[in-house]
Colleague: 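Before we start, here is the structure in question, set down as structure tokens.
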Amino acid sequence: QVQLVESGGGLVQAGGSLRLSCAASGRTFSSYAMGWFRQAPGKEREFVARINWSGGSTYYADSMKGRFTISRDNAKNTVYLQMNSLKPDDTAVYYCAAQTRMVTSIIQADYDYWGQGTQVTVSS
């Protein structure tokens, strides 16, 4: 079993920054691609960012490009999401997810393990 625990969410003013962390259990973390997703109240969960097993390849949703940065530290079994220039529309619960199969996908159904989520609220 793989357990993922997000942290770092909170309340921030528009234009501010937050760094989310996702701590993973298990000895095979370094072989997993990792993704960040988010879900706002009343809306479906959407893709935010993805990073491959080594950290050498990243991919972002269009609305996050230039503002968000995904990174990982395999020695610490942790993936990060640095969020800058935050907007009120970024308000959502942010989820960390692991992709254990060797596929390059940003589709929610292709991720196998999920954390409990961490709330990010951006005020105007």
Colleague: Might you point out which heavy atoms bring L18 and G8 nearest each other, and give the distance in Å?
Modeller: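 Closest approach of L18 to G8, heavy atoms only: CD2-O, 3.9 Å.
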Colleague: Within a 6.0 Å radius of atom CD on Q116, are there more than 12 heavy atoms belonging to other residues, nucleotides or ligands?
Modeller: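 Count over threshold, so yes.
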Colleague: Can you name the closest pair of heavy atoms from G9 and T118 and give their distance?
Modeller: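 So the two residues come closest at N-OG1, 3.2 Å.
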Colleague: So D112 and Y32, do their side chains get closer than 4.5 Å, heavy atoms only?
Modeller: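 Side-chain contact under 4.5 Å: no.
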Colleague: Any ring-ring contact (aromatic ring centres under 6.0 Å, His included) pairs touching residues 92-124, not counting sequence neighbours?
Modeller: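 Listed once each, the pairs are F37-Y111, F37-W114.
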Colleague: Between V120 and Y80, is there a shared hydrophobic cluster once you connect ILVMFWY residues whose side-chain heavy atoms come closer than 4.5 Å?
Modeller: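 In one cluster with V120: Y80, no.
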Colleague: How far apart are the closest heavy atoms of T78 and S21, and which atoms are they?
Modeller: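 T78 and S21 have their closest heavy atoms at CG2-CB, 4.3 Å.
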Colleague: Ignoring hydrogens, what is the shortest heavy-atom contact between P88 and A14? Give both atom names and the distance.
Modeller: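 Heavy atoms only, the tightest pair is CD-CB, 4.1 Å.
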Colleague: Which ILVMFWY residues can you reach from I107 by hopping between side chains whose heavy atoms are under 4.5 Å apart?
Modeller: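 Joined to I107, directly or through intermediates: none.
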Colleague: Counting only pairs under 3.5 Å, give me each side-chain donor-acceptor contact of residues 55-64, with atom names and distances, residues two or more places apart or in other chains.
Modeller:
residue: Y60; atom: OH; partner: I70; partner atom: N; Å: 2.9
residue: D62; atom: OD1; partner: K65; partner atom: NZ; Å: 3.1

Colleague: Give the minimum heavy-atom separation between E6 and W36, together with the two atoms involved.
Modeller: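 Shortest heavy-atom contact: CG-CZ3, 3.9 Å.
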Colleague: At what distance, to the nearest 0.5 angstrom, does NZ of K87 lie from CZ of R67?
Modeller: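 With rounding to 0.5 Å, NZ (K87) is 4.5 Å from CZ (R67).
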Colleague: So, using salt bridge (charged side-chain N to carboxylate O under 4.0 Å, His left out) as the criterion, who are the partners of R38 when residues are at least two apart?
Modeller: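 By the salt bridge (charged side-chain N to carboxylate O under 4.0 Å, His left out) rule, R38 matches E46, D90.
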Colleague: With sequence neighbours left out, what residues match T121 under side chain to side chain contact (heavy atoms under 4.5 Å, CB included)?
Modeller: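 L11, T91, Q119.
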Colleague: Among all residues two or more places apart in sequence or in another chain, which pass the salt bridge (charged side-chain N to carboxylate O under 4.0 Å, His left out) test with D110?
Modeller: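 Only R101 meet the salt bridge (charged side-chain N to carboxylate O under 4.0 Å, His left out) criterion with D110.
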Colleague: Please determine whether residues F47 and I51 belong to a single hydrophobic cluster, defined as Ile, Leu, Val, Met, Phe, Trp and Tyr linked transitively by side-chain heavy-atom distances below 4.5 Å.
Modeller: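 Cluster IDs for F47 and I51 differ.
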Colleague: Please say yes or no: joined through hydrophobic side-chain contacts below 4.5 Å, possibly via intermediate residues, are V48 and V12 part of one cluster?
Modeller: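 Linked within one cluster.
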Colleague: Hey, are the side chains of S105 and Q99 touching, using non-hydrogen atoms and a 4.5 Å cut-off?
Modeller: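 The answer is yes; the side chains approach within 4.5 Å.
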Colleague: What's the spacing between N77 CG and S25 OG if we round to 0.5 Å?
Modeller: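 Atom-to-atom, N77:CG and S25:OG are 8.0 Å apart.
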Colleague: Return the minimal non-hydrogen interatomic distance between A33 and R72, and the atom names on each side.
Modeller: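 Shortest heavy-atom contact: CA-NH1, 4.1 Å.
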